[in-house]
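Working notes for the structure below.
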2 protein chains.
Amino acid sequence: MTHPLFHPDAEEISLPAVLTALGDETRLNIIAILARNGERAMTCGQFLELGSKTALSYHVAKLREAGVINVRPDGTKRLLTLRRIDLESRFPGFLDSIVTSAGTLPLPKHQEMADAAETSGETEWT
Amino acid sequence: MTHPLFHPDAEEISLPAVLTALGDETRLNIIAILARNGERAMTCGQFLELGSKTALSYHVAKLREAGVINVRPDGTKRLLTLRRIDLESRFPGFLDSIVTSAGTLPLPKHQEMADAAETSGETEWT
DNA sequence: TCAATAGTTCAAGGATCATTGAACAAAGGA
DNA sequence: TCCTTTGTTCAATGATCCTTGAACTATTGA
């Protein structure tokens, strides 16, 4: 990356921006999965069940620009982590309530896409 | 009203829908003002500082359809109330964290709101 | 009945959103 | 070096969003 990835400072994180970022099924799922994974970082590739490579890149950028997650390059991968501390200091109790409430993950989308990709032999779904 | 206003049942309120509804400055302001007004109902007209009559009608409908507020016709007015109980049962702690975090918002102008129908309690606009 | 009040509906316009495929870039391993 | 892995960027597309003004409905009070 010639340009470092933009991350808003903690005090610049805006509530409407965070709400907008989380007001999308795919992004809410990313956050819920990240939260349930504890403090461990995850890669974009671990969310491929939620959408295409391109779509995920788009959604991850949205979450990063809103200040919800941190994205750190690591080799060819990107390590994603929740900005728990920053979010808690900015909006106390908010993240916990979201993660708790998002507990029931919707059904896996893109089932037909998964089938199509499987028949074409392009994608291995773990 | 020929058609009763649609309100989703409590158990049908969706988190992404609520987040999307609140991910807009105008609507977040409406909720923050409603919350700070205690349990008292407010009319659309009391939010005119936040936008035009038409825009408010649009935003109020969004909040209602997402299950965030209840809208009850009363003469030529509409009485708006937060669906506190339903939101709390569905997403514990969420509304409180939102309202607390949205605390630093442009306060409504101190207008005489002639809520004669309401108990003339102590309205504390700090 | 007439007029004022309170809010809705409609069509329009421009802005932003989410998705896709193709092309690209960066890093690591053989 | 070549190839694979991992993810980004771009242009295009259709969908949805937010605002506006004009016209409209419904209710209330004179």
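Each of Ala55(A) and Gly75(A) has a nearest nucleotide on DNA chain C; the 5'-most of these lies closest to Ala55(A). Heavy-atom distances to DNA chain C give each of Tyr58(A) and Asp74(A) a nearest nucleotide, and the one nearer the 5′ end belongs to Tyr58(A).
In terms of heavy atoms, His59(B) sits closest to Arg27(B) at ND1-NH1, 3.0 Å.
Atoms CG (Leu48(B)) and C1' (dT8(C)) sit 14 Å apart, rounded to a whole Å. Taking atom NE2 of residue His59(B) and atom P of nucleotide dG7(C), one finds them 16 Å apart after rounding to whole Å. What separates CG of Asp24(B) from P of dT16(C) is a distance of 14 Å, to the nearest Å. Atom-to-atom, CG of Leu22(B) to C1' of dC18(D) comes out at 16 Å; the value is rounded to the nearest Å. Nucleotide dT9(C) holds its P atom 8 Å from the CG atom of Leu5(B), rounded to whole Å. Leu80(B) places its CG atom 9 Å from the P atom of dT8(C), with the value rounded to the nearest Å. One interatomic measurement links the two molecules: CG of Leu56(B) to P of dT20(D), which rounds to 10 Å at whole-angstrom precision. Atom CD1 of Ile30(B) and atom C1' of dC18(D) are 13 Å apart (whole Å).
One finds the CZ atom of Arg40(A) at 13.5 Å from the CG atom of Leu79(A) (value rounded to the nearest 0.5 Å).
Using a distance-only test at 3.5 Å, with no hydrogens or angles considered, no donor-acceptor pair links the side chain of Thr100(A) to the main chain of Ser97(A). The backbone N or O of Thr43(A) lies less than 3.5 Å from a partner atom in the side chain of Gln46(A), making a donor-acceptor pair.
Under the side chain to side chain contact (heavy atoms under 4.5 Å, CB included) criterion, Thr20(B) pairs with no residue at all, not counting sequence neighbours. Legend: residues meeting side chain to side chain contact (heavy atoms under 4.5 Å, CB included) with Asn70(B), ordered by chain and number and at least two apart, are His7(B), Arg72(B), Thr81(B), Arg83(B). Annotation: side chain to side chain donor-acceptor pair (under 3.5 Å) contacts of Glu39(B) (sequence neighbours excluded): Arg84(B). By the side chain to side chain contact (heavy atoms under 4.5 Å, CB included) test, Phe91(B) is found to be paired with Ser101(A), Ile13(B), Leu15(B), Val18(B), Leu87(B), Phe94(B), residues two or more places apart in sequence or in another chain being considered.
In this structure, the nucleotide among dG21(C), dT19(C), dA18(C) sitting nearest to the side chain of Thr54(A) is dG21(C).
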Distances for protein N or O near nucleotides 4-7 of chain D N or O, under 3.5 Å:
{"unit_1": "dT6(D)", "atom_1": "O4'", "unit_2": "Thr76(A)", "atom_2": "OG1", "d": "3.2"}
{"unit_1": "dG7(D)", "atom_1": "OP1", "unit_2": "Cys44(A)", "atom_2": "N", "d": "3.1"}
{"unit_1": "dG7(D)", "atom_1": "OP2", "unit_2": "Gly45(A)", "atom_2": "N", "d": "2.9"}
{"unit_1": "dG7(D)", "atom_1": "N7", "unit_2": "Lys53(A)", "atom_2": "NZ", "d": "3.1"}
{"unit_1": "dG7(D)", "atom_1": "O6", "unit_2": "Lys53(A)", "atom_2": "NZ", "d": "3.0"}

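In the region residues 62-71 of chain B, proximity to DNA chain C at under 4.0 angstrom, judged on heavy atoms, holds for none of the residues.
Between Asn29(B) and Phe47(B), the closest side-chain pair of non-hydrogen atoms is not below 4.5 Å.
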